[in-house]
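Below is one structure, written out as structure tokens; the observations come after it.
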2 protein chains.
Amino acid sequence: MRADVSVASVSRVLTGAGPVTEATRRRVLEAVDALQYVPHSGARSLSTSKTNTIGVILPDLYGEYFSELIRGMDVAARAQGYHLIVSSSHDDADEASAAIRSMRGRVDGLIVLSPHLGAANLASGLAGRTPILVMNGGADEERASIVVDNHGGAVAAVEHLVAVGRRRIVHISGPTGNLDAEARMAGYVEAMAAAGLPTTVIEGAFTKASGHDAGLRLAGLAVQPDAVFAGNDNMAVGAMLAFQEAGLRVPEDVALVGFDDIPLASLVRPGLTTLKINIAETGRKALERVVRMAGSEVDTACEVVRPELVVRASSNLERPYGGAADLNRTDVQTPSLEGEKL
Amino acid sequence: MRADVSVASVSRVLTGAGPVTEATRRRVLEAVDALQYVPHSGARSLSTSKTNTIGVILPDLYGEYFSELIRGMDVAARAQGYHLIVSSSHDDADEASAAIRSMRGRVDGLIVLSPHLGAANLASGLAGRTPILVMNGGADEERASIVVDNHGGAVAAVEHLVAVGRRRIVHISGPTGNLDAEARMAGYVEAMAAAGLPTTVIEGAFTKASGHDAGLRLAGLAVQPDAVFAGNDNMAVGAMLAFQEAGLRVPEDVALVGFDDIPLASLVRPGLTTLKINIAETGRKALERVVRMAGSEVDTACEVVRPELVVRASSNLERPYGGAADLNRTDVQTPSLEGEKL
DNA sequence: CTGTTAGCGCGTTCAA
DNA sequence: TTGAACGCGCTAACAG
């Protein structure tokens, strides 16, 4: 060794654990500096069985919902001294399951958002005791999870549209098989029934393009709807554009409500009424919980995120430009999240 | 061992290397299945000194530019059997440098986008021979890099605005210290000089909010500009909203050009004229190059991405709704990228 | 307080 | 073809 010390002393100095004399400590740091030595975190992980890394399994990275979520997780991860490893674009359960398996020995915990992964896949996916937090829409009694109150949000959306005088309210749903989508649709159906109104559902795919398609079809109908509740903001924005291209006015002819409150929702004209989920904040919570679980804290709670109705101009005749003030609003309270950088 | 074989045989079966009898091979696979055995990738990495992981160092995850970029990288990574580990929110060189250091032994290569990191920091950051590809705006003679032709793009923007009859063209710049921002501003200044026009620059921060602020200031001027070239789309959109709130019409009163062609650019009304960078595609290329470098292929090339002027309604009186067709367009050619999922 | 030693879980020599 | 031993770089337990 450059500093005439053993590897153990070096380890002690670098990890900060164990007793070291100030003199040797200085010698070690000096040598580290001279040799440009950087510890090999892979080897450290093998020795400590701690990787300080959390894996995130996503269906896809497209759309602002997921990028916001990852941003929230990443900021929290940095604060906790953790790294984030992302894995997306899993089109089926097998792929997602393989992705989970390949994470073994690489992560201390997992956050799973892939709706393809049922409880069975999760159990078979990882042999050891890798903590898993699921956020794929299905409430899980046994496992740590975060779910959005999709049903309640959808009911609030319909009730709002009814309150502003709409009656022919159509729902553009998310894809079948997606639990979030199905819960939102169920809430719509129930609330419409409660209001004594007939239901109409067009299936979308949570994408802007599918919302656009649905909007064009609705605009071409003999009896057009006077309101649309879309399963998410992405589709709502697509539908809004379709309506505008077809010469329909929003909200005068068709009121529009989305779901999620992605950043884009407050930027489109008219501003989009939606059910706000504090996305980045939810990501932060998820990461902090899984980190605690990695510290062998038991956690089988199912946290429910309740979306909040944010009324903007798309469903409100009295607020033509509502939402502009949102530009300077910071949703997440963490100081480091303030402002919006490139 | 469950299958009465040595660890070596198991290794041979699982890695596919080395000679194995069909009989033992079957026994091993059977035991693997029964035991729910999953190889420990961390240990494997230590042994092979291959992590199959690429690290991405970002200044921040905010905004569509970076999420698109990561998406392109992630898709390519999966295709190559690689994982992606992201690390963002490094506000200064020290933090970013620390982030790089903590990646040692964790990744096979690095893609660095932090503009804070000069060549010096990069060199001192990683001791060993971890391949690094830089994309932080500065052309690097020695190192593998991908740079955008910011100067050329800015010149094209100004020439376009001049061609459609604008004269009082103001630039909203990105933050000082950001190399991309500075090159775009330089291109603006040069092109304006070539056209014999006076320059005005307002400094922004690449954020929507800063573009909004700049827009409000410009709208309040005694002599308002008849065109604005913003350093990126984010700021252009912010300025567009500010103009609309101030009662200015785009493009009739003020034409607007952005930079990047983020997905939002074709969605705002009017559609935003911009300099298109195929963001996801650029991310894909970056990942593939760094993976090749990890396979000890030497690469010190500096690839230049030339942005393409996309004219939409924000600078064109004859195309009030230009950009709607973009909804169904797929920028990246990879099949798995088609459509736009939640 | 410090140095020596034994694993962490794998891939990879070598000898059998 | 297979199995036993070694080493990847580090930390944790022990002994000095």
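Each chain gets a letter, A, B and so on, in the order its sequence line appears, and its residues count up from 1. Here the structure is a predicted model, which is why all the values come from computation and not from measurement.
- Sequence neighbours left out, not one pair with a member in residues 39-49 of chain A passes salt bridge (Lys or Arg N to Asp or Glu O under 4.0 Å).
- A:Ile54 CD1 to A:Tyr82 OH: the interatomic distance, rounded to the nearest 0.5 Å, is 5.5 Å.
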May I have the list of side-chain donor-acceptor pairs in residues 15-23 of chain B shorter than 3.5 Å, sequence neighbours left out?
unit_1: B:Thr15; atom_1: OG1; unit_2: B:Ser11; atom_2: O; d: 2.7
unit_1: B:Thr15; atom_1: OG1; unit_2: B:Ala17; atom_2: N; d: 3.4

Distances for protein N/O vs nucleotides 14-16 of chain C N/O pairs under 3.5 angstrom?
none

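- Contact check on B:Arg284 versus B:Glu281 returns a salt bridge, with a Lys/Arg side-chain nitrogen under 4.0 Å from an Asp/Glu carboxylate oxygen.
- Here B:Ser41 lies out of heavy-atom contact (under 4.0 Å) with every strand.
- Side-chain atoms of B:Ser87 and A:His83 include no donor-acceptor pair closer than 3.5 Å.
- A:Glu30 CD: 12 or fewer foreign heavy atoms inside a 6.0 Å radius.
- Rounded to 10 degrees, the angle between the two end axes of the helix from C:dC1-D:dG16 to C:dA16-D:dT1 is 50°, with five pairs used at each end.
- Counting non-hydrogen atoms under 4.0 angstrom, A:Ser49 reaches nothing in the nucleic acid.
- Counting only residues at least two apart or in different chains, salt bridge (Lys or Arg N to Asp or Glu O under 4.0 Å) contacts with residues 290-301 of chain A comprise A:Arg289-A:Asp299, A:Arg292-A:Glu297.
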Contacts under 3.5 Å, N or O only, protein and nucleotides 7-9 of chain C:
unit_1: C:dG7; atom_1: N2; unit_2: A:Ser47; atom_2: OG; d: 3.4
unit_1: C:dC8; atom_1: O2; unit_2: A:Ser47; atom_2: N; d: 3.4
unit_1: C:dG9; atom_1: N2; unit_2: B:Ala43; atom_2: O; d: 3.4

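- With salt bridges taken as basic N to acidic carboxylate O contacts below 4.0 Å, one links A:Arg71 and A:Glu68.
- Residue A:Ser9 places none of its side-chain N or O atoms closer than 4.0 Å to OP1 or OP2 of C:dC1.
- For the pair B:Lys50 NZ and D:dG9 P, the computed distance is 16 Å after rounding to whole Å.
- Protein atom CZ of A:Arg27 is 11 Å distant from nucleotide atom C1' of C:dT2, rounded to whole Å.
- For the residue pair B:Ser41 and A:Ser102, the shortest heavy atom distance occurs at OG-O, 3.5 Å.
- Taking side-chain N and O atoms only, B:Thr21 has a distance below 4.0 Å to OP1 or OP2 of D:dT2.
- Minimum heavy-atom separation, B:Gly177 to B:Glu182: N-OE2, 2.8 Å.
- For B:Arg106 and A:Thr53, the side-chain atoms include at least one donor-acceptor pair closer than 3.5 Å.
- Out of C:dT2, D:dT1, D:dA12, the shortest distance to the side chain of B:Pro19 is found at D:dT1.
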